[in-house]
Amino acid sequence: MDGSPATRLEDVRAAIARAAADCGRDAAEITLIAVSKTCSADVIRPVLAAGQRVFGENYVQEARAKWAGLREEFSGIELHLIGPLQSNKAGQAVQTFDVIQSLDRPSLAEALAREIPKELARSGRKPRLFVQVNTGEEPQKSGVRPTEVDEFLAACSNRWGLEVEGLMCIPPAEDPPSPHFAFLRDIARRNRLPRLSMGMSADFEAAIQLGATHVRVGSAIFGPRG
Ligand SMILES: *Cc1c(COP(=O)(O)O)cnc(C)c1O
């Protein structure tokens, strides 16, 4: 892969614009999440300097360590948690992230319902929430089972008072991704959820074609992870 992360960021932005144009969508309705897990602050800084403000991280601890300093250097940062979240880290996650995309089970919904009001009282802010769906029903992968999503979403709202704005999925690595993206879009539609987080470095164009509002791109920007 050629160029620096800042150059590759421009390439990804251009590819998003082309993919949007190809299917008659406005690129402005697609948010690029630069996935910076395992990247040091020094690697991330030029991408911030190039104007990128939305980032994804997989681990609460790593994100807290890296982003406290970067948030002092740059304003307007929006941080998405895209990795699995342990219920006992819900409080830290709520303090650290602007968006939590990995809400995937009742115990976590309960923990978030406990922690979000505390954070609201403390800082006046609360994270936006996406529910992760295990579209491939893979046993090792987190995410709500497709047959249980409607019920889980209803419980998020009625039982835990959580506002969920969208869905997220990670299709099985060995499957063509498009059927999974279409499946997630259909679940979002019938539950009247406006946002769809789907598509990574290898398949964000296909995801855009199928309605992604958020694409999560790591290696195409930062290079292969060690
Ligand atoms: C790591 C990761 C990504 C980015 O993957 P790339 O293939 O490097 O673009 C996107 N989404 C999730 C949930 C991830 O864990």
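We count ligands from 1, going down the list as the structure has it; atoms in each ligand are counted the same way.
- Scanning the protein for heavy atoms near atom 12 (C) of ligand 1, the closest one is I82 CD1, 3.5 Å.
- Residue K126 is tested with E165, E163, E119 for a salt bridge (Lys or Arg N to Asp or Glu O under 4.0 Å); the sole match is E163.
- Between the side chains of Q209 and R25, no donor-acceptor pair of N or O atoms lies under 3.5 Å.
- Less than 4.0 angstrom separates some heavy atom of N58 from each of these atoms of ligand 1: 14 (C), 15 (O).
- Among all non-hydrogen protein atoms, the one lying nearest atom 5 (O) of ligand 1 is R225 NH2, 3.8 Å.
- For the residue pair S219/R225, the side-chain donor-acceptor check at 3.5 Å is not satisfied.
- Remark: ligand 1 atoms within the under-4.0 Å shell around heavy atoms of V217 are 9 (O).
- Remark: minimum distance from atom 2 (C) of ligand 1 to any protein heavy atom is reached at K37 NZ, 2.5 Å.
- With hydrogens left out, the protein atom closest to atom 9 (O) of ligand 1 is S201 OG, 2.5 Å, a heavy atom.
- In this model, no donor atom of one side chain and acceptor atom of the other lie less than 3.5 Å apart for R195 and T31.
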Review point. Would L103 and V164 count as a side-chain contact (heavy atoms from CB on, under 4.5 Å) if you check the C-alpha gap in whole Å, the side-chain angles of each, and the deciding distance to 0.1 Å?
Key: CA-CA 9 Å; L103 172 52; V164 173; 4.2 Å; yes
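- The side chain to side chain donor-acceptor pair (under 3.5 Å) test with S197 is passed by exactly one of R216, H80, H214: R216.
- Remark: minimum distance from atom 11 (N) of ligand 1 to any protein heavy atom is reached at R216 NE, 2.8 Å.
- In this structure, a donor-acceptor pair under 3.5 Å is absent between the side chains of K89 and Q92.
- Nearest non-hydrogen protein atom to atom 10 (C) of ligand 1 is M200 SD, 3.1 Å.
- Not a single N or O atom of M168, backbone or side chain, sits closer than 3.5 Å to an N or O atom of ligand 1.
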